[in-house]
Amino acid sequence: PIHLRHEISMKDAILHTYAFNLTYAKRLVDDVPDDLMAAHPAVDGHIIPNHAAWVIGHLANTSAGFGTKLLGIDSIAREDWGPLFGGGSTPIAGAANYPTKQTLIEALEQAHAAIAEAFPRTTDARFAQSNPNDRLRPIFPTVGDMITFIMTSHETTHLGQISACRRALGLPSVF
């Protein structure tokens with residue numbers, strides 16, 4: 001038998017996962033009514049703290065701000081989103097407290113586009129630089145470690161939170 005070998009770079013694999021995450025994020029919130037984007041549903045009496053509005057805004061804010069900084073490009077983060085979606089922010093209930101679902105998704109798409117364009121051009125020398133985040137440097141020592149985490153595990157962890165919210169809201173699985 002003939003075995004075809006398809007070689008891809010590690011950058012290609014990371015970009016593939018990052019693109020999948022965006023598709024998955026959009027599917028997760030597509031049928032969530034706008035008024036439930038910032039709902040805190042409960043499962044067995046335990047409130048799910050990170051609702052869909054916060055998760056999408058947080059992922060957009062992280063890539064648009066810290067992700068772009070890591071890759072050496074200009075931030076496209078919205079200045080007023082830091083307190084609402086930045087690290088250490090607390091999700092609050094109520095859709096009126098957040099941008100619309102459409103605005104959140106558009107921001108996530110813009111952030112993904114900026115990262116996906118810059119990431120392939122980023123040099124190995126830049127990836128080898130020390131992570132500028134003092135708190136996370138012990139876990140992710142280099143820029144390469146940190147941006148890979150942001151593009152993969154960080155996103156998938158938070159997208160799982162939306163999946164849990166969906167289930168608690170009685171919405172079906174998207175896969």
Side-chain angles (χ1 to χ4, degrees), residues 5-30 37-38 49-92 97-163 174:
R5 185 173 177 188
H6 177 69
E7 292 185 26
I8 62 168
S9 71
M10 186 56 67
K11 283 183 179 180
D12 290 338
I14 293 166
L15 282 168
H16 177 78
T17 298
Y18 195 53
F20 168 80
N21 289 344
L22 178 59
T23 299
Y24 186 41
K26 290 161 53 171
R27 287 182 72 177
L28 284 169
V29 300
D30 184 53
M37 283 290 291
N50 292 352
H51 51 61
W54 183 86
V55 168
I56 298 297
H58 176 69
L59 295 178
N61 192 63
T62 300
S63 284
F66 189 43
T68 56
K69 176 182 177 181
L70 289 168
L71 297 178
I73 59 174
D74 291 337
S75 171
I76 58 168
R78 299 165 192 227
E79 290 182 26
D80 58 332
W81 282 24
L84 197 56
F85 299 117
S89 62
T90 302
I92 53 177
N97 296 308
Y98 291 92
T100 65
K101 177 171 59 173
Q102 180 177 340
T103 299
L104 292 167
I105 289 296
E106 287 172 358
L108 185 61
E109 289 172 333
Q110 291 166 358
H112 266 248
I115 295 295
E117 181 182 328
F119 184 77
R121 297 181 313 206
T122 304
T123 65
D124 288 345
R126 181 158 194 101
F127 284 137
Q129 291 176 359
S130 180
N131 179 356
N133 184 299
D134 295 335
R135 184 176 63 83
L136 295 174
R137 191 177 308 120
I139 304 165
F140 304 106
T142 67
V143 165
D145 296 323
M146 190 71 236
I147 193 65
T148 299
F149 169 74
I150 287 170
M151 293 172 70
T152 59
S153 299
H154 179 252
E155 288 212 334
T156 56
T157 297
H158 284 300
L159 293 176
Q161 294 166 341
I162 298 176
S163 183
V174 298

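What's counted below: heavy atoms across the whole structure, side chains too, no hydrogens, waters or symmetry copies. Quick note: residue numbers are just sequence positions, from 1.
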Might you work through the side-chain contact (heavy atoms from CB on, under 4.5 Å) test for Phe127 and Lys11, ending with a clear yes or no? CA-CA 11 Å; Phe127 284 137; Lys11 283 183 179 180; 3.3 Å; yes

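- Side chains of Arg78 and Phe85 form no contact here, defined as non-hydrogen atoms less than 4.5 Å apart.
- Inter-residue side-chain proximity for Phe119 and Leu71 is flagged as met; some heavy-atom pair is nearer than 4.5 Å.
- Contact check for Asn61 versus Leu84: no side-chain heavy atoms found under the 4.5 Å cut-off.
- In this structure, the separation between CD on Gln110 and CD1 on Ile115 is 13.0 Å, given to the nearest 0.5 Å.
- A pairwise comparison of heavy atoms in Leu28 and Leu159 identifies CD1-O, 3.4 Å as the closest pair.
- The closest donor-acceptor contact from the side chain of His51 to the backbone of Ile92 lies under 3.5 Å.
- Relative orientation of the Phe20 and Tyr24 rings is parallel, given thresholds of 30° and 60° on the angle between their planes.
- Minimum interatomic distance between Ala111 and Ala64 (heavy atoms only, all atoms of both residues): CB-N, 3.8 Å.
- Nearest heavy atoms, Asn131 versus Arg137: O-NE, 2.7 Å.
- Leu59 CG to Ile105 CD1: the interatomic distance, rounded to the nearest 0.5 Å, is 9.5 Å.
- Between Ile73 and Ala118, the closest heavy-atom pair is CD1-CB, 3.7 Å.
- To the nearest 0.5 Å, atoms CD1 (Ile147) and OG (Ser63) are separated by 6.5 Å.
- Put simply, the side chain of Thr152 never gets that close to the backbone of Tyr18: no donor and acceptor are under 3.5 Å apart.
- No hydrogens or angles considered: a donor-acceptor pair under 3.5 Å links the side chains of Gln102 and Glu106.
- Using a 4.5 Å heavy-atom threshold, the side chains of Ser153 and Phe140 count as separate.
- Heavy atoms only, all atoms of each residue included: Asp30 and Lys101 are closest at O-NZ, 3.1 Å.
- Annotation for Asp74: atom CG does not count as buried by contact number, only 12 or fewer foreign heavy atoms lying within 6.0 Å.
- Thr17 places a side-chain N or O within donor-acceptor distance of the main-chain N or O of Ala13, the cut-off being under 3.5 Å.
- Side-chain atoms of Leu108 and Glu155, non-hydrogen and from C-beta on, do get closer than 4.5 Å to each other.
- Contact check for His58 versus Gln161: no side-chain heavy atoms found under the 4.5 Å cut-off.
- Between the CG atom in Leu104 and the CH2 atom in Trp54 there is a gap of 12.5 Å [rounded to 0.5 Å].
- Counting only heavy atoms from C-beta outward, the side chains of Ile162 and Ile56 approach each other to under 4.5 Å.
- Across every non-hydrogen atom of Leu15 and Pro120, the tightest pair is CD1-CG, 3.5 Å.
- Here the OG1 atom belonging to Thr123 is positioned 7.0 Å from the CD atom belonging to Gln129, to the nearest 0.5 angstrom.
- Between Pro132 and Leu70, the closest side-chain pair of non-hydrogen atoms falls below 4.5 Å.
- Side chain of Asn21 to main chain of Met151: a donor-acceptor pair is present (N/O by atom type, distance under 3.5 Å, no hydrogens or angles).
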